[in-house]
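Step one of this worksheet: look at the structure below.
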Amino acid sequence: MAWAATVAVAVLCLIPIPQGAEGAALPESDKVVHVLMFGGLALLWWRVLPRRWLLLSVTVTLYGGLMELLQALTPYRSCDLMDFLADGLGVAIALAGAALWARRRRLSL
């Protein structure tokens, strides 16, 4: 499932956005989408590699950076530093939450 989500994120980041779709959304709402998308991706990979949170945080965040760089190569998308920061924020929030949840679960056993 983590691999499928990784591919899905790439597709969502690189497909053309339909004309008028960007103007229909709230300003900066795409940042929320980035936080949720990359946070969710980090959680899926954390389920696969639970003890590798540092590796996951760096890798998934860099994957977000790669998606931004690839968007710069397309005529219909653009590279945005704030999107990259939102990706990293999503990863950090998700993995911190997962670590707290795992710790709390261990303490209650």
Side-chain angles (χ1 to χ4, degrees):
M1 187 177 237
W3 280 111
T6 302
V7 171
V9 166
V11 169
L12 291 171
C13 286
L14 298 175
I15 60 173
I17 297 173
Q19 289 276 321
E22 281 190 0
L26 295 173
E28 302 303 321
S29 63
D30 70 311
K31 304 307 180 256
V32 174
V33 171
H34 279 265
V35 167
L36 295 173
M37 191 164 50
F38 284 88
L41 186 60
L43 285 177
L44 287 172
W45 279 107
W46 179 75
R47 295 291 293 159
V48 175
L49 302 165
R51 301 201 193 291
R52 303 290 186 148
W53 64 269
L54 182 59
L55 173 68
L56 290 175
S57 62
V58 170
T59 303
V60 176
T61 301
L62 289 177
Y63 183 66
L66 174 63
M67 292 299 106
E68 291 302 316
L69 292 174
L70 291 175
Q71 285 179 355
L73 300 175
T74 67
Y76 47 83
R77 298 299 282 265
S78 62
C79 181
D80 184 358
L81 176 62
M82 295 306 291
D83 285 349
F84 174 63
L85 294 176
D87 299 342
L89 179 63
V91 170
I93 291 169
L95 292 179
L100 288 172
W101 179 78
R103 182 171 183 231
R104 183 175 173 172
R105 193 159 188 226
R106 277 193 307 270
L107 292 176
S108 67
L109 294 178

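Predicted model only: the values in this text are computed from it and were never measured. Just so you know, residue 1 is the first one in the sequence shown, and it goes up from there.
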(request) Flag the pair Lys31 / Asp80 as yes when at least one side-chain heavy-atom distance between them is below 4.5 Å, and no otherwise. (result) yes
(request) For Ala94 and Gly39, work out which heavy atoms get closest and say how close. (result) CB-O, 3.3 Å
(request) For Val35 and Ala86, work out which heavy atoms get closest and say how close. (result) CG2-O, 3.4 Å
(request) Taking all heavy atoms of Met37 and all of Cys13, pick out the closest pair and write down the distance. (result) CE-SG, 3.8 Å
(message) Quick check: closest heavy atoms across Glu68 and Cys79, and the distance to 0.1 Å?
(response) O-CB, 3.4 Å
(request) Please check if Leu73 and Leu12 belong to a single hydrophobic cluster, counting links between Ile, Leu, Val, Met, Phe, Trp and Tyr side chain heavy atoms closer than 4.5 Å. (result) yes
(request) Please report the closest heavy-atom contact between Leu95 and Trp53, naming both atoms and the distance. (result) CD1-O, 3.7 Å
(message) Do Trp45 and Thr59 make a side-chain contact, defined as non-hydrogen atoms from C-beta onward lying under 4.5 Å apart?
(response) no
(request) Tell me whether Val60 is reachable from Leu70 by hopping between hydrophobic residues (I, L, V, M, F, W, Y) whose side-chain heavy atoms are closer than 4.5 Å. (result) yes
(request) Kindly compute the distance separating CG (Asp30) from CE (Met82), expressed to the nearest 0.5 Å. (result) 10.0 Å
(message) Just to verify, which of Leu43, Asp87, Val33, Thr61 counts as forming a side-chain contact (heavy atoms from CB on, under 4.5 Å) with Phe38?
(response) Asp87
(request) Provide the closest heavy-atom pair for Gly64 versus Phe84 in the form atom of the first, atom of the second, distance. (result) C-CD1, 4.0 Å
(message) Just so I know, are the side chains of Leu44 and Val48 near enough to count as touching, which here means a heavy-atom distance under 4.5 Å?
(response) no
(message) Is any side-chain heavy atom of Arg77 closer than 4.5 Å to one of Leu14?
(response) no
(message) Nearest 0.5 Å, please: how far is CG in Leu69 from CG in Leu62?
(response) 10.0 Å
(message) Going by side-chain contact (heavy atoms from CB on, under 4.5 Å), Leu41 matches just one of Val91, Leu36, Thr6. Which one?
(response) Thr6
(message) If hydrophobic clusters are built from ILVMFWY residues whose side chains come within less than 4.5 Å, do Trp101 and Ile93 share one?
(response) no
